[in-house]
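Heads up: the structure comes next, in structure tokens.
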Amino acid sequence: AKILEMQLKEQAAALAEQGDFTAAENLIFYGRLYGLAMDAARARGALAEVGLEGRREDLVRTFSRGMQQRLCLSNIVDIGCRSDQGVSKP
């Protein structure tokens, strides 16, 4: 069951990486994929932390490589802080 769950997450992640999501949708998608209560306000805050709040409605595929990396970092930090440590960010 654990292997199937990992495979489903990998497939879902591959779908998201195609860039058809906005930055906010990307964060919400990944947050929910990992069982977090991610909403638009929380996504906006996470994007602000990496300097992408003004681009939250832009498609990820239009981002430079550096912007995509910052979005990825935002996902990692957000998911890691909430799932590993049980810490809730404002």
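The structure displayed is predicted, hence computed values, not measured ones.
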Requested in this report: Flag the pair L59 / F21 as yes when at least one side-chain heavy-atom distance between them is below 4.5 Å, and no otherwise.
Outcome: no

Requested in this report: May I ask you to test the L47-L71 pair for a side-chain heavy-atom distance under 4.5 Å?
Outcome: yes

Query - Interatomic spacing from CE in M67 to CG in D58 - rounded to 0.5 Å - result: 7.0 Å

Query - Under 3.5 Å: donor-acceptor pair, side chain of R70, backbone of L52 - result: no

Query raised in the report: Ignoring hydrogens and geometry, is there a side-chain-to-backbone donor-acceptor pair from S74 to V50 under 3.5 Å?
Result: no

Report task. Give a yes or no on whether the backbone of R65 and the side-chain of Q68 come within a donor-acceptor separation of less than 3.5 Å. Result -> no

Query raised in the report: From R44 CZ over to E49 CD, what is the distance, rounded to the nearest 0.5 angstrom?
Result: 13.5 Å

Query raised in the report: Can you name the nearest heavy-atom pair linking A43 to L27, along with the distance?
Result: O-CD1, 3.5 Å

Report summary line: Rounded to the nearest 0.5 Å, the OG1 atom of T22 sits from the CZ atom of R61 at a distance of 11.5 Å

Report task. Return the minimal non-hydrogen interatomic distance between A48 and E53, and the atom names on each side. Result -> CB-OE1, 3.6 Å

Report task. Report the distance from atom CZ of F63 to atom CG of N26, rounding to the nearest 0.5 Å. Result -> 8.5 Å

**Report entry** pair T62-R55: side-chain heavy atoms closer than 4.5 Å
**Finding:** yes

